[in-house]
Amino acid sequence: MAKIKTTYFCQNCGNQFSKWQGQCTACKEWNTIVEEVIQKPEKSNWKTPTNTSKRVSKPLLINEIDVSQEARIQTNDAEFNRVLGGGIVPGSLTLLGGEPGIGKSTLLLQIALKLQHKTLYVSGEESQKQIKMRAERINPNSSNCYILTETKTQNIFKQIEALEPDIVVVDSIQTLHSDYIESSSGSISQIKECTTELIKFAKETATPVILIGHITKDGNIAGPKILEHMVDTVLQFEGDRNHVFRILRANKNRFGSTNELGIYEMQGSGLREVSNPSEILISKKDEELSGNAVAATLEGMRPLMIEVQALVSTAVYGTPQRSATGFNAKRLNMLLAVLEKRAGFRLGAKDVFLNITGGITVDDPAIDLAVVAAILSSNEDEALQKDVCFAAEVGLSGEIRPAQRVEQRILEAEKLGFSTIFVSKYNKISLKNTAIKIQLISKIEDLVEFIV
């Protein structure tokens with residue numbers, strides 16, 4: 001077997017060194033020098049299945065390339081399929097990141113247990129008994145999922161060669177290590193080398209690989225940034241551990257849109273798909289309460305109905321408080337200034353508290369109108385009708401600006417039984433014969449007339 005040769009490179013400037021050192025003498029940066037393999041043994045780590053064609057080694061005219069055989073693998077998770085763009089692509093490498101304890105391992109184990117394809121779940125963090133205990137809660141009757149507890153890539157490929165699975169799940173990439181690199185697991189050089197080996201395996205055998213990645217305290221995936229460039233899809237699993245909802249979104253997707261969104265609810269038996277999150281995010285109440293307004297928003301390509309709650313009260317202390325949960329506090333201050341300047345409401349001496357229910361954070365500017373409506377409703381102590389919702393942006397001069405993809409928002413509101421939706425007069429709406437009444441307004445004074 002050929003000798004393994006490694007050397008050290010600076011990740012900042014690319015300068016080469018014969019041994020590791022703390023500071024690069026060329027660019028003066030610290031802790032940027034990592035070990036990299038420059039010559040590997042020629043022997044492959046796995047045997048390419050005979051029924052899988054190898055990669056094309058000669059150039060082909062783009063019109064001659066046949067992609068009809070690349071059928072996606074459908075999982076039993078509709079939310080996961082939607083975010084990926086229609087299912088798992090054969091030969092793809094997917095990276096899933098998220099906070100510790102948010103449910104990354106639970107999500108992929110749940111998918112692996114319910115798949116009809118032979119799946120190998122490789123864990124470097126838990127023992128087989130620990131995974132079995134978790135699997136008992138999710139789906140105890142799986143006959144296609146194999147569990148392997150191993151961290152050495154050479155041993156993993158031996159088991160893959162013997163088993164020949166249809167899908168490989170690795171939990172997590174930071175726990176793997178290769179004999180080609182002498183550094184410890186989780187180091188930059190080990191992550192790059194192990195990912196490179198998995199990419200080569202996935203592309204040559206057309207076997208999809210799903211990786212779980214740790215994140216840093218800043219929320220970025222741990223390891224080199226090149227890791228996200230190497231893989232085909234980067235998924236982010238988000239949520240607050242104090243709330244039951246989890247959001248799966250794609251930060252990068254070579255095989256589909258990055259605008260799709262998957263929503264889950266954490267339960268004792270695993271993660272439940274939320275097919276209609278609007279019904280959960282809107283609270284059920286018997287009586288009408290002031291300070292509540294419903295907004296039609298978009299998360300990616302998906303329309304959602306969310307509830308905005310506001311509380312306006314006389315300031316007890318000298319300085320009025322401004323507090324927003326799930327909404328940008330600076331934008332709240334801007335909307336309050338617009339109300340004071342354009343509509344004549346004196347809110348400068350009052351406390352204003354704003355909350356987006358369900359524990360989610362919304363950046364869509366089209367919920368401005370609902371925020372203003374909730375604030376006015378609380379200030380006047382007049383409850384809004386339960387079947388009224390809002391979808392428009394508020395400008396600094398008090399004008400009601402149009403929202404993007406307003407027709408999707410209108411149809412979602414109609415589907416959930418709302419009778420009236422307030423939108424901008426400047427939206428171009430081609431919908432006809434809708435059951436919901438579309439109320440067109442052009443300035444904030446029109447909204448004040450409706451509430452006060």
Side-chain angles (χ1 to χ4, degrees), residues 37 40 43-57 65-67 69-75 80-81 83-97 104 107-109 111-112 115 117-124 144-148 150-181 190-213 221 223-224 226-235 250-256:
V37 177
K40 299 180 185 178
K43 186 178 179 181
S44 176
N45 289 312
W46 65 88
K47 179 174 66 177
T48 304
T50 55
N51 60 350
T52 304
S53 60
K54 292 189 176 181
R55 289 180 297 174
V56 177
S57 56
I65 300 174
D66 181 21
V67 294
Q69 60 188 8
E70 297 294 327
R72 292 177 184 255
I73 299 173
Q74 297 293 319
T75 69
F80 194 74
N81 289 339
V83 175
L84 287 180
I88 303 173
V89 176
S92 64
L93 204 75
T94 303
L95 177 63
L96 174 66
K104 303 184 296 296
L107 174 64
L108 292 188
L109 179 61
I111 291 171
L115 274 171
H117 299 75
K118 187 189 296 183
T119 307
L120 177 62
Y121 187 95
V122 181
S123 177
N144 294 313
C145 183
Y146 294 81
I147 306 297
L148 173 65
E150 181 61 64
T151 58
K152 187 176 176 180
T153 56
Q154 283 72 27
N155 295 340
I156 292 171
F157 286 128
K158 287 180 182 178
Q159 298 301 324
I160 289 175
E161 181 181 340
L163 187 63
E164 294 188 1
D166 298 319
I167 298 176
V168 177
V169 178
V170 177
D171 181 14
S172 63
I173 185 62
Q174 278 81 10
T175 61
L176 299 190
H177 68 92
S178 172
D179 283 343
Y180 299 148
I181 299 290
Q190 280 286 9
I191 292 174
K192 285 179 61 178
E193 177 60 28
C194 294
T195 306
T196 301
E197 292 179 16
L198 288 168
I199 288 175
K200 188 177 180 184
F201 158 73
K203 301 305 180 186
E204 290 191 3
T205 63
T207 304
V209 177
I210 305 176
L211 309 175
I212 290 178
I221 294 176
I226 194 174
L227 173 63
E228 298 179 43
H229 292 283
M230 295 166 72
V231 300
D232 297 310
T233 306
V234 179
L235 304 179
N251 293 339
K252 170 190 175 182
N253 192 356
R254 288 176 178 163
F255 310 113

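Positions are given from 1 along the sequence. Hydrogens, waters and symmetry mates play no part in the numbers below; they use all other heavy atoms, side chains included.
Contacts of Val83 classified as side-chain contact (heavy atoms from CB on, under 4.5 Å), with partners at least two apart in sequence or in another chain: Leu235, Leu248, Ala250. Scanning for side chain to side chain donor-acceptor pair (under 3.5 Å) contacts around Lys152 gives Asp179, with sequence neighbours left out. The side-chain contact (heavy atoms from CB on, under 4.5 Å) check on Lys252 picks up Val234, Arg254, with sequence neighbours excluded. Residues meeting the side chain to side chain donor-acceptor pair (under 3.5 Å) test with Gln74, sequence neighbours left out: Asn81. Annotation: side chain to side chain donor-acceptor pair (under 3.5 Å) contacts of Thr233 (sequence neighbours excluded): Asn253. Applying the side-chain contact (heavy atoms from CB on, under 4.5 Å) rule to Asn144 yields the partners Gln116; only residues at least two apart in sequence or on another chain are considered.
If you take CG on Leu93 and CG on Leu227, they are separated by 8.5 Å, rounding to the nearest 0.5 Å. In this structure, OG1 in Thr195 is found 6.0 Å from CG in Leu211, a value given to the nearest 0.5 Å. Here the OG1-CG distance, from Thr153 to Leu198, works out to 7.5 Å after rounding to the nearest 0.5 Å. Put simply, NZ on Lys118 and OG1 on Thr207 are 11.0 Å apart, with the number rounded to the nearest 0.5 Å. A distance of 12.0 Å separates CD1 in Ile199 from CD in Glu204, rounded to the nearest 0.5 Å. Atom-to-atom distance recorded for Tyr121:OH and Leu148:CG is 12.0 Å, nearest 0.5 angstrom.
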Pair Ile88-Thr75, side chain to side chain contact (heavy atoms under 4.5 Å, CB included): steps then yes or no: CA-CA 8 Å; Ile88 303 173; Thr75 69; 3.7 Å; yes
Using side chain to side chain contact (heavy atoms under 4.5 Å, CB included), reason through Val168 and Ile160 one step at a time and then give a plain yes or no. CA-CA 9 Å; Val168 177; Ile160 289 175; 4.2 Å; yes
Going through the distances and angles, do Ser123 and Ile147 end up as a side chain to side chain contact (heavy atoms under 4.5 Å, CB included)? CA-CA 8 Å; Ser123 177; Ile147 306 297; 5.5 Å; no
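Residues Gln190 and His177 share a closest heavy-atom pair of OE1-CA, 3.4 Å. Nearest heavy atoms, Pro208 versus Pro90: CD-CA, 4.1 Å. Heavy-atom minimum distance, Ile173 versus Cys194: CD1-CB, 4.1 Å. Taking all atoms of both residues into account, the shortest heavy-atom contact from Glu164 to Glu161 is CG-O, 3.6 Å.
Ile156 is listed as a side-chain neighbour of Leu176, based on a closest heavy-atom distance under 4.5 Å. A 4.5 Å side-chain heavy-atom check between Phe157 and Phe201 finds at least one atom pair inside the cut-off. Considering only heavy atoms from C-beta on, Leu115 stays 4.5 Å or farther from Cys145 through its side chain. Asp232 is not listed as a side-chain neighbour of Val89, based on a closest heavy-atom distance of 4.5 Å or more. Counting only heavy atoms from C-beta outward, the side chains of Ile73 and Ile167 approach each other to under 4.5 Å. Contact of the Val231 side chain with the Thr94 side chain is not registered, since no non-hydrogen atoms from C-beta on lie closer than 4.5 Å. Side-chain atoms of Leu84 and Phe255, non-hydrogen and from C-beta on, never get closer than 4.5 Å to each other. Looking only at side-chain heavy atoms (C-beta outward), Val122 and Val169 stay at 4.5 Å or farther from each other.
Panel note: side chain Thr119, backbone His117; a donor-acceptor pair is recorded below 3.5 Å.
Counted by atom type alone, Glu197 and Ser178 present one or more donor-acceptor pairs between their side chains at under 3.5 Å.
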